[in-house]
Asks: 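For reference, the structure I am asking about is given below.
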There are 2 protein chains.
Amino acid sequence: MNVGFSAHAKQPFDKQQLFLFDNSYPMIISDFTSLCREHGLAATHQRRVIYETVMSLEGHPSPELIYDAVRKKIPSISLATVYKNVRTFLESGMLREVSMHHGSIRVEPNESEHYHLVCTRCRRIQDLDPEGVQVQALTKKRSLKGFHVTRIAVDVLGICAACAGKERATKSRRREKPC
Amino acid sequence: MNVGFSAHAKQPFDKQQLFLFDNSYPMIISDFTSLCREHGLAATHQRRVIYETVMSLEGHPSPELIYDAVRKKIPSISLATVYKNVRTFLESGMLREVSMHHGSIRVEPNESEHYHLVCTRCRRIQDLDPEGVQVQALTKKRSLKGFHVTRIAVDVLGICAACAGKERATKSRRREKPC
DNA sequence: CTATGTGCAAAATCTTTGCTTGAAA
DNA sequence: TTTCAAGCAAAGATTTTGCACATAG
């Protein structure tokens, strides 16, 4: 089941208009409170403002930038609260990351062409053979104009077998060290 | 022009065996010293050990992990030297990152399916329409076994127009704030 | 009421910087 | 012998944590 915005609902964040796609027909769910309930979270004022702020921002904001924007509406909010809630939203699936943040730089010693399998729970990275997948079509797009392509990185995101097992056992949502 | 290792040169890092592919035929270049010369870097002992250590490591090591491994060979090396050289190698193209590290988490408010155009110089991220590119073939690979795929992220890496312009003007290699 | 979230301050990580000494070209 | 790198210590940036108080359910 996917949660998403209608194509135009984006710009000034037309608040209570979230849609829930069920692979068959869209159904309207009331508001942020329901969205939180869907994800098992308390619908606090701070959360609502953080979420709406993120959705209203252009680009790919960092926690600091979100904090700066949220402070205009709740001057007393703390950076820790923004961090905690961004993390909570990411873990619950209400928001997602541009690409998996590993906390530190990761160097790639494997010089051969390959993709990655990245676990969003434990952040483990495994190499993946690219056989039969052609993303090179991307380098021919006119929308690239001015951009000099050097490489195309493909990350297959999901839950690794080890984490899926643990999940069933513990129901924990905590971020974990790589399996 | 691509610099790479032969398929089997990987395991215990068969040192002086680097190959230079010219899109036509491979030619052998002498050693680490030549590789450094190719990239305009001084071939110091520390650099050699750091580079060889990275290439010998399995997985996708962080600077800390590289530091731990290098210290076994040069106990007096400093973490700062490892950081400086990892950065130097990444910027010169002698090594590459698993995926672009942005220093902080980046949240994706755009819920529609799209890819990213990422500048490796200024790290700016732009959205890219995925029209006509099918990476879904990846979800059918048997090598995925046990991994539950939720999303496939595609990053087109390269140099944005603004950075390409600056490069020509200043020849600077410094990491810069997004254009 | 009871469980969860917030705010604050402090700590833990990760990374860079300035400067002096040392090594490479 | 000049230029670039290493080592060290300190600072800067990013993220998490513990705890007292507040709020949602």
Side-chain angles (χ1 to χ4, degrees), chain A residues 30-51 60-68 70-71 73-92 94 97-98 100-107 123 173-177, chain B residues 31-51 53 60-68 70-71 73-92 94 97-98 100-107 123 173-177:
Chain A
S30 60
D31 57 4
F32 180 78
T33 303
S34 306
L35 184 57
C36 282
R37 190 154 33 227
E38 292 272 329
H39 289 90
L41 301 176
T44 67
H45 177 57
Q46 287 86 340
R47 277 191 183 150
R48 180 187 306 271
V49 174
I50 292 169
Y51 185 81
H60 308 89
S62 64
E64 274 283 342
L65 200 140
I66 295 166
Y67 174 59
D68 289 342
V70 169
R71 251 194 313 184
K73 294 166 194 159
I74 312 178
S76 62
I77 202 166
S78 73
L79 180 57
T81 296
V82 172
Y83 265 100
K84 282 173 186 164
N85 283 303
V86 165
R87 179 111 117 80
T88 299
F89 290 150
L90 294 175
E91 288 173 353
S92 72
M94 276 178 63
E97 285 183 70
V98 164
M100 185 99 303
H101 182 69
H102 289 94
S104 59
I105 288 170
R106 297 308 170 91
V107 178
R123 290 157 300 156
R173 269 274 159 78
R174 303 206 60 259
R175 193 170 180 180
E176 285 168 31
K177 286 288 154 204
Chain B
D31 58 3
F32 180 78
T33 303
S34 304
L35 183 57
C36 281
R37 192 154 33 228
E38 291 273 330
H39 289 90
L41 301 176
T44 67
H45 177 56
Q46 286 86 341
R47 278 191 182 151
R48 180 186 306 272
V49 174
I50 291 169
Y51 185 80
T53 298
H60 308 88
S62 63
E64 276 283 341
L65 201 141
I66 295 166
Y67 174 59
D68 290 341
V70 169
R71 252 195 311 185
K73 293 166 195 160
I74 311 178
S76 62
I77 202 165
S78 72
L79 180 57
T81 296
V82 172
Y83 264 100
K84 281 174 187 165
N85 283 304
V86 165
R87 179 110 116 82
T88 299
F89 290 151
L90 294 175
E91 288 174 352
S92 73
M94 275 178 62
E97 284 184 70
V98 164
M100 185 99 304
H101 182 69
H102 289 93
S104 59
I105 288 170
R106 296 309 170 89
V107 178
R123 290 156 298 155
R173 268 273 159 78
R174 302 205 59 259
R175 194 169 178 180
E176 286 169 29
K177 285 289 154 204

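We name chains A, B, ... by the order of the sequence lines, and we start the count at 1 in each one. Values in this document were obtained by computation on a predicted structure and should not be read as measured data.
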Asks: How do B:Ala80 and A:Asn85 order along DNA chain C: which one's closest nucleotide is nearer the 5' end?
Replies: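 Taking each residue's closest nucleotide, the earlier one in sequence belongs to A:Asn85.
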Asks: Round to the nearest Å and state the distance from B:Leu79 atom CG to C:dA12 atom P.
Replies: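 Atom CG in B:Leu79 sits about 17 Å away from atom P in C:dA12.
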Asks: Give B:Ser76 one of three labels, base, sugar-phosphate or nothing, depending on what nucleic acid heavy atoms sit under 4.0 Å from its own.
Replies: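 Result for B:Ser76 = sugar-phosphate.
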Asks: Taking only the side-chain nitrogens and oxygens of B:Tyr83, find out if one of them lies under 4.0 Å from OP1 or OP2 of C:dT15.
Replies: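 Checking C:dT15 against B:Tyr83, a side-chain N or O does come within under 4.0 Å of OP1 or OP2.
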Asks: Among D:dT14, C:dT6, D:dG7, which is the nearest nucleotide to the side chain of B:Ser104?
Replies: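 Of the candidates, D:dT14 comes closest.
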Asks: Measure CZ/B:Phe89 against C1'/D:dA6 and give the value in whole Å, please.
Replies: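 For the pair B:Phe89 CZ and D:dA6 C1', the rounded distance is 13 Å.
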Asks: Phosphate oxygens OP1/OP2 of D:dA22: is one of them under 4.0 Å from a side-chain N or O of A:Gln46?
Replies: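 No.
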Asks: Figure out the NE2/C1' separation between B:His101 and D:dT14, and round it to whole Å.
Replies: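 Checked: the NE2 to C1' distance equals 9 Å.
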Asks: In a check of side chain to side chain donor-acceptor pair (under 3.5 Å) between A:Arg47 and each of A:Thr81, A:Thr88, A:Asn85, which one passes?
Replies: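 Only one option passes, and that is A:Asn85.
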Asks: What is the distance, rounded to the nearest whole Å, between atom CD of B:Glu64 and atom C1' of C:dC14?
Replies: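 Result: 8 Å.
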Asks: So which nucleotide from C:dC8, C:dA25, D:dT15 ends up closest to the side chain of B:Ala43?
Replies: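 Among the listed nucleotides, the one closest to the side chain of B:Ala43 is C:dA25.
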Asks: Starting at atom CZ of A:Arg47, determine the distance to atom C1' of C:dT4, rounded to an integer number of angstrom.
Replies: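 Spelled out: CZ on A:Arg47 to C1' on C:dT4 is 8 Å.
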Asks: Grab the two heavy atoms, one from B:Thr53 and one from B:Val49, that are nearest each other, plus how far apart they are.
Replies: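 Between these two residues, the closest heavy atoms are OG1-O, 2.6 Å.
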Asks: Okay, side chain of B:Asp68, backbone of B:Arg71: is any donor-acceptor separation there less than 3.5 Å?
Replies: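 No, because the side chain of B:Asp68 does not come within donor-acceptor range (under 3.5 Å) of the backbone of B:Arg71.
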Asks: For the residue pair B:Phe89 and B:Tyr51, does the interplanar ring angle fall in the parallel (under 30°), tilted (30 to 60°) or perpendicular (over 60°) class?
Replies: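 Plane angle over 60°, so perpendicular.
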Asks: Looking across every strand, which nucleic acid part, if any, lies under 4.0 Å from A:Ala42 by heavy atom: base, sugar-phosphate, or nothing?
Replies: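 Here A:Ala42 touches the backbone only, sparing every base.
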Asks: Measuring to OP1 and OP2 of C:dG5, would you say a side-chain N or O of A:His45 lies under 4.0 angstrom away?
Replies: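 No.
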Asks: Would you say a side-chain N or O of B:Arg87 is under 4.0 Å from OP1 or OP2 of C:dT16?
Replies: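 Indeed, a polar side-chain atom of B:Arg87 lies that close.
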Asks: With a cut-off of less than 4.0 Å, is there a side-chain N or O of B:His102 near OP1 or OP2 of D:dT14?
Replies: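 Negative; the distance criterion is not met.
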Asks: Looking at every heavy atom in both A:His39 and A:Ser92, which two are closest together, and how far apart are they?
Replies: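 The pair with the smallest heavy-atom distance is CD2-O, 3.0 Å.
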Asks: Respond yes when some side-chain nitrogen or oxygen of A:Thr81 is under 4.0 Å from OP1 or OP2 of C:dG7, and no when none is.
Replies: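 Looking at the OP1 and OP2 atoms of C:dG7, one of them is under 4.0 Å from a side-chain N or O of A:Thr81.
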Asks: Just to confirm, is there a sub-4.0 Å distance from OP1 or OP2 of D:dA6 to any side-chain nitrogen or oxygen of B:Thr44?
Replies: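 Indeed, a polar side-chain atom of B:Thr44 lies that close.
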Asks: Round to a whole Å and report the spacing from NZ of B:Lys84 to P of D:dG7.
Replies: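 B:Lys84 atom NZ is separated from D:dG7 atom P by 9 Å.
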Asks: Send over the distance from B:Leu65 CG to C:dT15 C1', rounded to a whole Å.
Replies: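 Going from B:Leu65 (CG) to C:dT15 (C1'), I get 17 Å.
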Asks: Within this structure, what is the OH-to-P distance between A:Tyr67 and D:dT14, rounded to whole angstrom?
Replies: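 Taking atom P of D:dT14 as the reference, OH of A:Tyr67 is at 14 Å.
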